[in-house]
Amino acid sequence: MNPIIPTVFAADPAARVWADDSRIWLYTSHDVPGTNTHDTMVSYHVFSSDDLVHWTDYGVALHLDNVHWAISHMWAVDCIYWRDQYYLVYCAMEIGTRWFRTGLAVSDLPQGPFRDIGFIKNIHNGQDPAVLIDHGIPYLYWGYGKQMFACELETDLLSAKEETIVDLTDQLTWAYEGPWLHTYKGKYYLSYPGLYEGKWPEQMYYAIADKPLGPYTYQGCYIPEFKGCAGTNHGSITEFKGRWYAFHHSSWVSSNGVCRSLMCDELFYNEDGTIRTIIPSPAGPSVSGGAPGPSKVTLLLQAENGKDACGKLLGTRISRDVPEYTGRGYVTGFDVAYSGVEVFAQQGVAARYRLKIRYRAPDGDRNNYLLVNATRYDDPAYDGPERYDKLMRFPQTDAWQELDAGVIQLDCGDNRIRLYACDGGIDVDYFKLEPCE
Ligand code: FUB
């Protein structure tokens, strides 16, 4: 159903399907609940799904706090796989100049978190980046304020080949920002949000070329203004399991143009390769073409991600010694009182989840404290079962297993889930939050 992710405010979806993976991945910007401006955007999220109905939210994939050169405005984003690594290609305002720079962050896993490696040189005002790898050549596209550009990148991705930069603006009627590239039947499709006759809201347009850097021929609008549109729109187009989909955003959950929700609608081509107009539908997409059913979003927060995902390791450390962990490892060393691990969960609307913790306790049963949105285990502000500390028993187990920690409430905004050592003696792999029916 649309919105496909109703739980957290996310926008500017870049949809990717990686080789040898049955899932579709969304790389998105994040809108802060309660805000009235896009200027507060400071992080990115990653989501995946097998069927466009059951989604996993991996939490914060990159945060402004971990980008030393940026001051604000973490706007639209893309991700590419290049030379055995995943690169988050994003934009943010640079400290000092206050220009948009196109940042690069790297990860060995598609879900991140990503580690910033700096911004791409030779790009002026690199807002809203998108990348196309074509015949082994990486191309970068970007656009802002009615202008659109493209170029080839050097193979380290960290510099634009200046001599290849082209200004595509005059080829793209109504273009405003947010390019996206896909190929279909040997042609290059450049889709983008535009302002018809210069007036808001944005509608989604596209143009077609025979080569990545154009020239492009304008084709028309494929998502016109719709009820509940957010003012901005921003999209991506991709094929998944034999069908084509357009991802974009709306304000269907919040009715607020800066607290946006992710949308997906099936996309159809005409015989001549033009795209049929999409009217965003509440029914949303399904991989079978049948009735899709309501979206279910599970949060999967890896313990070892620590501050890269806005969490914390408190006197604990990451290990990979015991196999069959998920992600990049697990957290161990709950040796002294109050050592622990904290994960960070963002919500657009408050919701109840069943919390499961994957752990081992090889040396016997252990009791440890679980805290949700509290800073101390004996905080007198605790109020009821949903905002609580709890002394939890972790039964002895040599093998990894999930402990059902009960139902908790995540509030609108930022939530912190902390596991503190009382007895210690555990290893922690992840925190999983499954939506309650
Ligand atoms: O999400 C912030 C900005 O709004 C994006 O960079 C634009 O494309 C528009 O969607």
Side-chain angles (χ1 to χ4, degrees), residues 8 30 32 42-46 56-66 111-115 298-319 325-347 350-351 353-361 366-379 381-383 385-392 394 400 402-434:
V8 61
H30 173 257
V32 178
V42 288
S43 66
Y44 296 104
H45 272 243
V46 180
T56 301
D57 174 355
Y58 297 90
V60 172
L62 178 70
H63 191 278
L64 182 68
D65 288 350
N66 295 322
Q111 66 267 34
F114 293 82
R115 182 177 47 84
T298 295
L299 281 80
L300 185 61
L301 305 170
Q302 292 288 345
E304 74 279 6
N305 285 350
K307 75 178 179 55
D308 292 344
C310 299
K312 287 181 181 146
L313 301 192
L314 304 139
T316 46
R317 61 183 185 278
I318 299 169
S319 175
Y325 54 82
T326 62
R328 293 197 182 92
Y330 58 91
V331 173
T332 192
F334 290 72
D335 297 333
V336 294
Y338 310 122
S339 57
V341 60
E342 182 174 283
V343 290
F344 183 72
Q346 292 189 302
Q347 285 284 288
Y353 290 88
R354 183 164 290 283
L355 171 63
K356 294 184 176 165
I357 303 170
R358 190 166 190 257
Y359 80 104
R360 302 169 63 238
R366 291 288 188 262
N367 292 306
N368 292 295
Y369 294 110
L370 176 68
L371 278 65
V372 178
N373 288 335
T375 51
R376 294 171 50 211
Y377 72 93
D378 58 354
D379 188 338
Y382 288 150
D383 178 21
E386 288 156 354
R387 176 182 279 278
Y388 64 98
D389 68 307
K390 191 166 164 181
L391 191 61
M392 290 204 49
F394 290 77
W400 293 106
E402 281 186 355
L403 178 74
D404 186 338
V407 171
I408 63 166
Q409 170 151 316
L410 293 188
D411 295 335
C412 167
D414 297 346
N415 297 266
R416 297 191 169 275
I417 302 169
R418 183 178 286 197
L419 199 54
Y420 249 150
C422 175
D423 293 342
I426 53 171
D427 297 330
V428 181
D429 187 19
Y430 62 62
F431 295 72
K432 186 159 81 182
L433 294 123
E434 296 173 345

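Remember, predicted model here, so these are calculated numbers, not experimental data.
Closest approach of C310 to V60, counting heavy atoms only: SG-CG1, 4.0 Å. Heavy atoms only, all atoms of each residue included: L370 and I357 are closest at CD1-CD1, 4.2 Å. Of all the heavy atoms in V341 and A303, the pair that sits closest is CG2-O, 3.6 Å. Counting all heavy atoms, side chain and backbone alike, Q346 lies closest to S43 at OE1-OG, 3.8 Å. Considering every non-hydrogen atom in both G424 and N368, the closest pair reads N-OD1, 2.8 Å. Scanning all heavy atoms of the two residues, the minimum distance from T316 to G333 falls at CG2-O, 3.6 Å.
Rounding to the nearest 0.5 angstrom, the gap separating the CG atom in N305 from the CD atom in Q111 is 8.0 Å. Of the inter-residue distances, the one linking Y338 atom OH with C422 atom SG reads 8.5 Å to the nearest 0.5 angstrom. How far CG of D427 is from OG of S319: 7.0 Å, rounded to the nearest 0.5 Å. Here CZ of R360 is found 15.0 Å from CG of L403. Values are rounded to the nearest 0.5 Å. Within the model, atoms OG1 of T56 and CG of L300 stand 6.5 Å from one another, a figure rounded to the nearest 0.5 Å. Going from atom CD of E342 over to atom CG of L301 covers 11.5 Å, rounded to the nearest 0.5 Å.
Among the candidates K432, K356, R354, the single residue satisfying the salt bridge (charged side-chain N to carboxylate O under 4.0 Å, His left out) test with D404 is R354. When V407, N415, L299 are each tested for a side-chain contact (heavy atoms from CB on, under 4.5 Å) with L433, only one passes: L299. Considering Y330, Y325, Y359 as possible partners of W400, the one that fulfils the ring-ring contact (aromatic ring centres under 6.0 Å, His included) test is Y330.
A heavy-atom distance below 4.5 Å is found between the side chains of R317 and T332. For the pair D414 and N373, the minimum side-chain heavy-atom distance is 4.5 Å or more. L419 places a side-chain heavy atom less than 4.5 Å from the side chain of F394. Residues D429 and Q302 are in side-chain contact: their nearest non-hydrogen atoms beyond the backbone lie under 4.5 Å apart. In this structure, D308 and F114 have side chains that are not in contact, with every pair of non-hydrogen atoms separated by 4.5 Å or more. R416 places a side-chain heavy atom less than 4.5 Å from the side chain of F344. Taking 4.5 Å as the limit, some side-chain heavy atom of R418 sits within range of a side-chain heavy atom of K312. Side chains of N66 and L64 form no contact here, defined as non-hydrogen atoms less than 4.5 Å apart.
In the model, Y430 has a side-chain atom that pairs as donor or acceptor with a side-chain atom of E402 under 3.5 Å. In summary, the side chains of Y353 and Q347 do present a donor paired with an acceptor at a separation below 3.5 Å, with no hydrogens or angles considered.
Remark: R366 does not engage D423 in a salt bridge, criterion side-chain N to carboxylate O under 4.0 Å.
When the shell of 6.0 Å around CZ of R328 is examined, it contains more than 12 heavy atoms from other residues, nucleotides or ligands.
Ring-plane geometry between H30 and H45 is classed as parallel, the angle between the planes falling under 30 degrees on a 0 to 90 degree scale with a further cut at 60.
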